[in-house]
Amino acid sequence: MNRIYLDHAATTPMRPEVLEAMLPYLREQYGNPSSIYTEGREARKALDRARDRIAKVLGASSPREIIFTSGGSEADNLAIKGAAFALKNKGNHIITSAIEHHAVYDTCRYLEKHGFKVTLVPVDSYGIVDPAAVEAALTPETILVSIMHANNEIGTIQPIAEISKILRERGILFHTDAVQTVGHIPVDVDELGVDMLSLSAHKFYGPKGVGALYVRKGIRLHPLIHGGGQEQNRRAGTENVAGIVGMAEALVLAAGEMGEEAPRQRELRDRLIQGILARIPHTRLNGHPEKRLPGNVSVCFEYIEGEALLLNLDMQGIAASSGSACTSGSLEPSHVLLALGLPHEIAHGSLRLTLGRGTTAAEIDAVLEVLPGIVEKLRQMSPLYDANAGCKAH
Amino acid sequence: MNRIYLDHAATTPMRPEVLEAMLPYLREQYGNPSSIYTEGREARKALDRARDRIAKVLGASSPREIIFTSGGSEADNLAIKGAAFALKNKGNHIITSAIEHHAVYDTCRYLEKHGFKVTLVPVDSYGIVDPAAVEAALTPETILVSIMHANNEIGTIQPIAEISKILRERGILFHTDAVQTVGHIPVDVDELGVDMLSLSAHKFYGPKGVGALYVRKGIRLHPLIHGGGQEQNRRAGTENVAGIVGMAEALVLAAGEMGEEAPRQRELRDRLIQGILARIPHTRLNGHPEKRLPGNVSVCFEYIEGEALLLNLDMQGIAASSGSACTSGSLEPSHVLLALGLPHEIAHGSLRLTLGRGTTAAEIDAVLEVLPGIVEKLRQMSPLYDANAGCKAH
Amino acid sequence: MYSEKVMDHFTNPRNVGEIPDADGVGVEGNPVCGDIMKLWIKVEDGRIVDARFKTFGCGAAIATSSMITEMVKGKTIEEALQITNTAVAEALDGLPPVKMHCSNLAADALRKAIDDYLAKQKGAESSNG
Amino acid sequence: MYSEKVMDHFTNPRNVGEIPDADGVGVEGNPVCGDIMKLWIKVEDGRIVDARFKTFGCGAAIATSSMITEMVKGKTIEEALQITNTAVAEALDGLPPVKMHCSNLAADALRKAIDDYLAKQKGAESSNG
Ligand SMILES: Cc1ncc(COP(=O)(O)O)c(C=O)c1O
Ligand SMILES: Cc1ncc(COP(=O)(O)O)c(C=O)c1O
């Protein structure tokens with residue numbers, strides 16, 4: 001059976017060109033970039049080139065503004081802990097949104113144990129942060145704001161440039177988690193006006209376990225990983241040379257194709273959304289209809305639970321995701337869906353389908369073929385669903 | 001020109017078998033291990049298997065005691081910061097040695113800014129930590145001791161099991177940085193009696209950017225990287241599946257060959273040490289003659305500076321390393337060499353040659369052929385050296 | 001993640017549906033927590049002759065529901081009361097640790113259905129007596 | 001890391017050695033810091049006709065030593081005093097930022113050698129006078 005992979009927000013298949021670019025560094029080019037002899041200098045050159053390519057795509061003013069990390073989570077942790085501890089004499093207040101990824105959310109929660117105060121700015125029912133709400137949350141103690149560029153579950157794209165205008169005026173540090181946007185929609189650090197920006201290679205057809213943090217020149221950060229002097233003393237550890245080279249290759253390729261690929265995915269996305277809403281009653285779209293990632297479809301089916309849905313889809317050859325609590329073993333469904341104002345029992349019935357480079361119209365149609373039957377089968381099994389009335393039983 | 005790579009302590013070439021094991025996870029097996037559908041479960045299985053293999057080699061009692069990290073530095077940081085912050089209500093004193101890698105040393109220094117007190121236990125002229133000195137440094141506030149298994153510069157192997165006996169009795173947490181020993185000499189967490197142990201794949205012919213921390217069951221750690229629930233909530237971030245699979249493969253292979261490879265390297269090492277000492281006057285061996293890593297040769301040549309030596313060796317096709325300050329741009333030579341009691345000007349003239357799987361007797365002989373001439377050439381250029389008297393000019 | 005048995009019961013759940021003239025009904029769980037199970041039993045001569053369920057929940061919740069209805073059929077009330085959640089999990093060749101609460105759900109729903117049956121019996125007895 | 005010029009001067013350093021009957025000698029640096037340079041000059045008619053050095057130090061230290069001896073030869077004392085450390089670094093097509101202190105070393109050693117020469121001149125003049 002041909003599988004249909006619709007979980008590109010979780011991870012993407014690595015492009016063959018990326019592997020090709022990495023292979024020399026997994027074979028004969030094994031030098032340590034910190035070494036001064038030939039092998040080391042070759043590795044250093046490869047790092048420098050990768051840094052340069054990434055800086056250019058992001059519109060950074062210097063490659064020195066790119067710090068390589070082990071992924072998006074580390075980049076988020078470095079940005080937030082690094083800035084908070086570096087600025088703790090200036091203030092102790094951090095603002096973030098209610099729908100951040102756990103790498104931001106849990107990091108902020110951790111900082112609360114270290115004496116920081118955290119304000120979670122709410123979102124509207126589309127999942128959008130109101131820049132005025134950020135402004136209203138500012139206090140004289142505010143040292144850092146972290147608002148994600150686009151949400152990983154519901155795909156909503158935030159008004160980062162508007163928020164940055166407010167913060168720039170006041171000289172408050174602004175970080176954005178752009179793990180879901182880099183390589184998919186245009187991301188330019190100057191246009192966004194951010195001071196720090198996280199990205200992760202495996203979200204744009206690069207390798208897993210490698211990412212980067214953009215840090216605008218002049219910003220002080222405490223390192224998260226202390227040790228050797230790598231990454232200008234900002235991130236110790238022998239560099240994952242092959243992974244970094246792969247990340248740069250993947251990013252350059254993604255940036256080059258974006259102009260064609262984003263509209264293509266948007267069209268497929270809308271076809272899928274409309275198909276689902278037309279065929280399956282008691283279904284809601286999560287997130288904003290237009291201000292959303294080109295590849296993101298997120299819906300809630302009433303009366304059923306997400307994990308059961310995913311398993312059924314998997315058996316039909318379709319890989320998808322859910323904000324269902326049962327995929328993680330907790331009882332609380334996704335904090336993102338709850339932040340939209342969805343009731344718990346509906347948030348449990350969420351399905352996320354995220355499209356990618358390889359996604360075809362035929363795949364979308366195959367999903368639309370299969371999905372209604374699965375939903376109906378589970379609803380028939382659900383004590384909350386009255387099949388005949390076609391509505392809630394109690 | 002055939003290069004002679006003698007810097008295996010810095011990094012090792014990846015074994016072809018390791019790349020072979022990784023390739024499926026860089027190609028078609030791209031699932032995210034946190035996903036519940038087929039692709040995700042396959043990736044999860046690969047992680048589980050790798051964890052299991054690594055646990056077995058280290059003698060861990062359960063694979064759950066292995067936490068994957070992005071390398072040795074992250075493992076050291078996680079162990080030390082994680083334990084220190086988790087135990088800060090019990091005490092604030094940490095003991096470490098004067099010759100730790102920067103990933104331990106700088107981490108301890110950082111913790112001093114967070115209210116911890118750090119004692120650096122000295123070493124003798126061979127670089128060995130006296131267990132009695134660790135005992136003497138204990139205070140009622142001591143919560144953590146971190147002593148490396150073997151030193152990366154001078155190769156000295158520490159009496160970890162003896163130290164752990166002292167600490168076990170008192171219930172004090174004991175971490176060892178085993179980045180230089182894992183895969184090279186036997187490392188068994190129970191025989192060593194340690195509670196935490198760091199390792200890094202690229203030091204034993206695995207990939208760069210992946211490592212692990214062994215954490216004995218029941219030990220609480222604050223995560224270094226917060227976020228998703230990966231690694232039992234102890235280390236967030238999408239796992240570097242390919243890298244982890246490669247690390248396990250490399251470790252199993254290294255453990256299997258160690259019985260033959262370690263004595264082979266020891267013999268070559270001693271041939272190189274004796275050859276250097278016999279041919280080049282005013283030369284000292286750094287570290288202990290027997291209690292040293294099978295592949296480590298570390299010497300100081302009086303009257304000359306390490307970087308100049310490395311560059312000359314490089315031009316002769318030999319890749320080597322130095323604890324010279326000038327390789328890092330600082331004025332202080334290696335804290336390790338200074339801790340041995342070497343005067344600064346002599347510590348500047350250090351050379352480290354570290355052997356590996358591919359090192360041959362012919363290579364050792366080629367080095368012995370070339371090295372005396374280079375040293376002599378640099379000495380002739382040195383204002384500290386009186387060529388005719390063959391001794392210090394002033 | 002799930003055993004083959006779990007996947008089998010999840011994919012082809014046995015005894016889905018309602019028993020209109022059931023002798024006992026039990027509901028356990030809470031849609032807010034993402035799990036709710038409703039279980040109907042039919043009892044003849046102190047023996048459970050039929051059991052049906054409807055479940056809103058994850059794969060494990062559906063599989064445990066299916067399994068427990070299979071397990072109780074043919075059992076006396078006394079025997080059925082012996083069915084523990086561990087027994088359900090074992091019958092499914094185990095459940096992932098994070099899913100163990102789903103087997104609680106099934107055992108508790110069964111107990112409630114039996115309680116309901118016993119309460120009705122008592123009611124019938126006392127109205128008969 | 002290093003430019004080709006640096007590597008050339010490092011590999012084939014010009015003017016290594018001492019000048020036994022030098023007119024000026026300068027020493028700069030400190031072996032404790034890993035860098036020490038000694039520079040000899042021979043002066044005829046106010047013009048530096050020969051310069052030699054010995055250096056304990058890294059690649060950059062050796063290359064700057066070699067380069068500065070080349071640069072001063074044939075220059076008048078006044079011209080030689082104009083040689084800045086930036087000029088030495090530039091003549092080598094640049095040095096890595098962490099190595100810039102090595103060019104200071106060379107310029108300072110030269111200045112000391114010239115000072116030594118000038119002091120000796122003064123001594124000679126005053127004993128003549
Ligand atoms: C003893 C020791 N500890 C820690 C490290 C750091 O490991 P990594 O570079 O993988 O972060 C190294 C090597 O660089 C090492 O030799
Ligand atoms: C928005 C967002 N931030 C952070 C991360 C974490 O990235 P990584 O898994 O590479 O650590 C992810 C993906 O998992 C994400 O979607």
Side-chain angles (χ1 to χ4, degrees), chain A residues 3 5 7 10-14 16 19 22 26-28 30-32 34-40 70-74 76-77 101-104 106-107 109-110 200 202 207-210 222 224-229 236-243 307 310-311 313-314 319-321 327-328, chain B residues 3 5 7 10-14 16 19 22 26-28 30-32 34-40 70-74 76-77 101-104 106-107 109-110 200 202 207-210 222 224-229 236-243 307 310-311 313-314 319-321 327-328:
Chain A
R3 300 273 306 171
Y5 185 75
D7 201 14
T11 196
T12 55
M14 206 159 80
L19 178 56
M22 291 169 69
L26 295 170
R27 290 188 177 134
E28 63 282 0
Y30 58 83
N32 186 322
S34 299
S35 303
I36 63 168
Y37 44 76
T38 310
E39 290 84 350
S70 68
S73 299
E74 188 192 326
D76 286 342
N77 276 256
H101 187 272
H102 280 282
V104 168
D106 290 12
T107 299
R109 286 276 174 245
Y110 179 72
S200 181
H202 74 101
K208 291 179 179 58
V210 52
H222 283 198
L224 189 64
I225 301 180
H226 288 83
T238 302
E239 300 88 342
N240 178 351
V241 181
E307 196 218 56
L310 295 195
L311 290 175
L313 282 168
D314 185 33
S321 159
T327 58
S328 60
Chain B
R3 300 275 304 171
Y5 184 76
D7 202 14
T11 196
T12 56
M14 206 159 78
L19 178 56
M22 291 169 69
L26 295 171
R27 290 187 176 134
E28 63 281 0
Y30 59 82
N32 186 321
S34 299
S35 303
I36 66 168
Y37 44 76
T38 311
E39 289 83 349
S70 67
S73 299
E74 188 191 327
D76 286 341
N77 276 256
H101 187 271
H102 280 283
V104 168
D106 290 11
T107 299
R109 287 277 174 244
Y110 179 71
S200 182
H202 74 101
K208 292 179 178 55
V210 51
H222 283 199
L224 189 65
I225 301 181
H226 288 83
T238 303
E239 299 89 342
N240 179 353
V241 181
E307 196 217 57
L310 295 194
L311 290 175
L313 282 167
D314 185 33
S321 159
T327 60
S328 60

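In this text, all values refer to a predicted model and were calculated from it rather than measured experimentally. Chain letters run A, B, ... following the sequence lines, proteins first and then strands; every chain starts at 1.
For the atom pair CG of Asn77(A) and NE2 of His226(B), the computed distance is 7.0 Å after rounding to the nearest 0.5 Å. The OG1 atom of Thr38(A) sits 11.5 Å away from the OH atom of Tyr5(B) when rounded to the nearest 0.5 Å.
Within the 4.5 Å cutoff, the side chain of Asp314(A) has no heavy atoms near those of the Ile36(B) side chain.
When each of Gly40(A), Pro13(A), Gly72(A) is checked for heavy-atom pairs under 4.5 Å with chain B, Pro13(A) comes out on top. The candidate with the highest count of non-hydrogen atom pairs below 4.5 Å against chain B, out of Leu224(A), Leu19(A), Leu311(A), is Leu224(A). For the set Met22(A), His222(A), Glu28(A), the entry with the most heavy-atom pairs within less than 4.5 Å of chain B is His222(A). Counting heavy-atom pairs closer than 4.5 Å to chain B, the top-ranked of the candidates Gly229(A), Gly31(A), Ala242(A) is Gly31(A).
Of all heavy-atom pairs spanning Thr11(A) and Asn32(B), the tightest one is CG2-N, 3.6 Å. Taking both residues in full, the closest heavy atoms of Ser70(A) and Ile225(B) are given as OG-CD1, 4.4 Å, listed atom of the first, atom of the second, then distance. Between Glu39(A) and Ala319(B), the closest heavy-atom pair is OE1-CB, 3.8 Å.
Contact annotation for Ser35(B): only side-chain heavy atoms (C-beta onward) come within less than 4.5 Å of a heavy atom of chain A. With a 4.5 angstrom heavy-atom cutoff, Ala10(B) touches chain A via backbone and side-chain atoms both. With a 4.5 Å cut-off on non-hydrogen atoms, Thr12(B) touches chain A through its backbone but not through its side chain. Neither the backbone nor the side chain of Pro207(B) comes within less than 4.5 Å of any heavy atom in chain A. Contact annotation for Glu239(B): only backbone heavy atoms (N, CA, C, O) come within less than 4.5 Å of a heavy atom of chain A.
The backbone N or O of Gly243(A) sits nowhere less than 3.5 Å from a side-chain atom of Lys208(B) that would complete a donor-acceptor pair.
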